[in-house]
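Here's the structure, in structure tokens; my notes come after.
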Amino acid sequence: MSSTDAFLAAAQELLGPRGLSTDPEIVTPWLTDWRGRYTGRALALASPGDTSEVAALIKLCQQFEVPVVPQGGNSGMSGGATPDDSGKAVVLSLRRMNRVHQFDTEAHQITCDAGLILQTLHETVEAEGLRFPLTLGGKGSATIGGLISTNAGGTQVLRHGSMRAQVLGVEAVMADGSAFDSLTPLKKDNRGFDLKQLLIGSEGTLGIVTAATLRLVPALADRAVLWAGLSNIRDARKLLLFAQAYAGDALEGFEVMPRHALQSVLVYNAKARAPLEQQYEWNALIELAADSSGAEALPALAQSFLEAAFRQGLVEDATIAANEAQAEQFWTLRDEISPAERALGPAMQHDISVPVARMADFVAETVPKVENAFAGTTAIAFGHLGDGNVHFHVLAPAGAVPGEWEEADGKLISRFVHDEVTRWDGSISAEHGIGQMKRDELARLADPVHLSILRQVKTALDPKGLLNPGKLI
Ligand SMILES: Cc1cc2nc3c(=O)[nH]c(=O)nc-3n(C[C@H](O)[C@H](O)[C@H](O)COP(=O)(O)OP(=O)(O)OC[C@H]3O[C@@H](n4cnc5c(N)ncnc54)[C@H](O)[C@@H]3O)c2cc1C
């Protein structure tokens with residue numbers, strides 16, 4: 001019996017027919033990433049039912065030197081959950097592990113398996129008058145383990161922080177098959193390095209996250225969603241600062257999009273309506289929100305904020321969603337930018353950040369710079385201005401051949417954008433992670449000391465390099 005067959009037989013015995021499959025019909029759908037950019041091959045799809053099964057499987061992988069690619073909802077944007085094409089790795093799906101272990105409504109904490117889907121978490125805690133304050137477009141697929149492993153962001157980071165800020169405790173199976181348990185949250189704990197923080201954002205390269213304890217906040221009682229038309233991106237920055245000063249903690253989200261992005265959504269979605277009569281160079285989508293303690297005052301706050309913004313000349317035109325349905329329509333305009341632009345043809349997407357205070361200047365200077373350097377392209381920056389993070393998409397010239405353009409001009413454009421970001425002291429991965437997509441760019445651009453520390457940590461915790469090889473570092 002070959003070593004591979006021996007491994008598969010042992011894994012089959014350990015996990016049973018529900019926990020291990022080599023059937024191409026079951027395995028194949030999980031071998032391509034969400035964007036369809038990467039497809040790999042795998043020895044098998046392993047779906048353990050609990051932490052002890054994950055630990056036993058990882059020990060087997062160590063014994064037989066089988067690489068492991070952890071996978072949650074496979075909604076990641078950087079190809080981090082897709083195996084390479086050697087066919088030697090096992091894809092380790094956490095999706096069967098989706099239980100809630102403990103829900104402390106008084107302490108506002110919940111402990112759950114890594115495979116719990118974000119939307120299910122939202123619904124579970126909302127039923128008890130609480131809220132998990134992180135959301136994103138992939139919430140119907142993304143799992144808690146995937147969100148932790150990519151330190152995901154989304155549209156509420158401005159007020160509540162990214163995943164790192166929501167995680168109070170982590171349980172993870174390390175490369176040697178031991179289970180690291182820090183699920184019990186402690187407000188103060190100075191016993192050395194904060195190992196859970198090391199696992200957050202490690203993209204499955206240091207350990208398999210099996211469970212987490214998360215912080216919750218009171219449920220929203222009301223929200224006001226505003227749409228403002230602006231003449232330039234620097235005014236958006238001024239409006240953001242004004243909103244932060246005026247609305248304080250009530251400011252939940254502040255997203256921007258240029259005219260081109262709104263226009264492409266209006267073309268893509270025939271039911272979509274522009275919130276304002278005229279089209280403006282830039283648009284800001286602002287959400288003010290309150291729990292029950294501030295709900296009564298919220299409509300007046302939204303109204304007076306807008307009046308003050310008009311008086312100060314910060315907006316060209318603006319409106320407040322008349323009801324919840326219209327609020328959702330405003331958000332749909334934001335959420336559909338990516339699919340609407342994909343429908344326009346090939347594009348290079350960059351998830352970048354620069355210091356918050358400099359983002360408006362970065363966009364104003366870099367958009368024309370890219371368009372001048374690469375004739376016929378259109379550069380679109382949209383998203384989380386308040387976090388200093390935009391999605392910087394560069395659309396191909398008309399007539400570009402999909403597939404060919406990305407491999408040739410597309411790669412040069414990405415290098416150009418990443419060089420600019422680095423020059424502005426920014427990051428080439430704000431919230432989507434490095435995965436396999438940006439690994440070479442990280443190696444090219446990161447500070448050598450930073451890279452060396454990343455590699456030393458990886459070698460110390462996974463000496464055989466079996467956890468998610470070819471990703472991140
Ligand atoms: C429509 C849409 C909108 C999105 N919007 C945003 C956004 O606004 N902000 C944002 O940050 N992201 C966004 N994303 C990206 C995505 O949802 C997040 O990256 C999410 O965290 C991935 O979760 P997942 O469970 O699907 O992980 P996967 O895609 O399965 O995996 C992602 C990475 O984490 C690793 N991993 C997964 N589970 C584990 C585990 N249990 N232990 C160790 N490693 C693990 C994988 O190996 C891989 O490296 C969006 C995605 C979609 C489809």
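One is the number of the first residue; the rest follow in order along the sequence. Just so you know, ligand 1 is whichever comes first in the structure, and atom 1 is the first atom listed for that ligand. Below, each value reflects all heavy atoms present in this structure, side chains not excepted, and no hydrogens, waters or symmetry copies. Keep in mind it's a predicted model, so treat the numbers as computed, not measured.
Within the 3.5 Å criterion, the main-chain N or O of R164 finds a donor-acceptor partner in the side chain of N151. A donor-acceptor contact shorter than 3.5 Å links the side chain of D387 to the backbone of L158. Using a distance-only test at 3.5 Å, with no hydrogens or angles considered, a donor-acceptor pair links the side chain of N468 to the main chain of E203. In this structure, the side chain of K464 does not engage the main chain of E65 through any donor-acceptor pair within 3.5 Å. Of the possible polar contacts, one joining the Q436 side chain to the T82 backbone as a donor-acceptor pair under 3.5 Å is found.
Distance from atom 2 (C) of ligand 1 to its nearest protein heavy atom, with residue and atom name: G138 N, 3.3 Å. Counting only heavy atoms of the protein, atom 17 (O) of ligand 1 lies nearest to S75 OG, 2.9 Å. Nearest to atom 13 (C) of ligand 1 among the protein's heavy atoms is L136 CD2, 3.7 Å. Of all protein heavy atoms, the one lying nearest to atom 47 (O) of ligand 1 is P70 O, 2.6 Å. Residue, atom and distance of the protein heavy atom nearest to atom 33 (C) of ligand 1 are T150 CG2, 3.6 Å. From the protein, the heavy atom lying nearest to atom 48 (C) of ligand 1 is G80 C, 3.4 Å. Among protein heavy atoms, atom 34 (O) of ligand 1 sits closest to S149 CB, 3.5 Å. In this structure, the protein non-hydrogen atom closest to atom 29 (O) of ligand 1 is G76 N, 2.7 Å.
For M77, no nitrogen or oxygen atom sits less than 3.5 Å from a nitrogen or oxygen atom of ligand 1, counting backbone and side chain alike. On a distance-only criterion, H384 and ligand 1 share no N/O pair closer than 3.5 Å. Considering both main-chain and side-chain atoms, Q71 never comes within under 3.5 Å of ligand 1 through any nitrogen or oxygen pair. Inclusion of A114 in the set of residues having an N or O under 3.5 Å from an N or O of ligand 1 is not warranted. Between G73 and ligand 1, at least one N/O pair is under 3.5 Å apart. The shortest N/O to N/O separation between E431 and ligand 1 falls below 3.5 Å.
Across all their heavy atoms, D33 and Y38 have their closest contact at OD1-N, 2.7 Å. Minimum interatomic distance between G19 and R96 (heavy atoms only, all atoms of both residues): CA-NH1, 3.6 Å. When all heavy atoms of L333 and R273 are compared, the closest pair comes out as CD1-O, 3.7 Å. For the pair F132 and M163, the tightest heavy-atom approach, listed with the atom from each and the gap, is CZ-CE, 3.8 Å. The shortest non-hydrogen separation linking V173 to A55 is CG1-CA, 3.8 Å. What you find for G161 and L134 is that their closest heavy atoms are O-CD1, 4.4 Å.
Within ligand 1, counting atoms from 1 as listed, the ones closer than 4.0 Å to a heavy atom of G146 are 21 (O), 23 (O), 24 (P), 25 (O), 27 (O), 37 (C), 38 (N). The A152 neighbourhood of ligand 1 comprises atoms 11 (O), 21 (O), with distances under 4.0 Å to a heavy atom of that residue. Interface atoms of ligand 1 facing E203, defined by a heavy-atom separation under 4.0 Å, are 47 (O), 49 (O). Within ligand 1, counting atoms from 1 as listed, the ones closer than 4.0 Å to a heavy atom of G207 are 43 (C). Atoms of ligand 1 found under 4.0 Å from any heavy atom of V209, numbered from 1 in the order shown, are 40 (C), 41 (N), 42 (N), 43 (C). Residue G72 has at least one heavy-atom neighbour below 4.0 Å for each of these atoms of ligand 1: 25 (O), 28 (P), 30 (O), 37 (C), 38 (N). Those atoms of ligand 1 that come under 4.0 Å of a heavy atom in L94, given as number and element, are 41 (N). For ligand 1, the atoms closer than 4.0 angstrom to any heavy atom of G204 are 43 (C), 44 (N).
The side-chain heavy atoms of I148 and K196, taken from C-beta on, include no pair separated by under 4.5 Å.
Side-chain contact, T51 with E171: a donor N or O sits under 3.5 Å from an acceptor N or O.
The shortest heavy-atom distance from G153 to ligand 1 is under 4.0 Å. Contact annotation: V69 has no heavy atom less than 4.0 Å from any atom of ligand 1. Residue contacts with ligand 1: K471 is excluded, as none of its non-hydrogen atoms falls under 4.0 Å.
To the nearest 0.5 Å, atom NE2 of residue H393 and atom OG1 of residue T377 are 14.0 Å apart.
Contacts with ligand 1 closer than 4.0 Å are made by no heavy atom of D33, backbone or side chain.
Using cut-offs of 30° and 60° on the angle between ring planes, the pair F362 and W424 is perpendicular.
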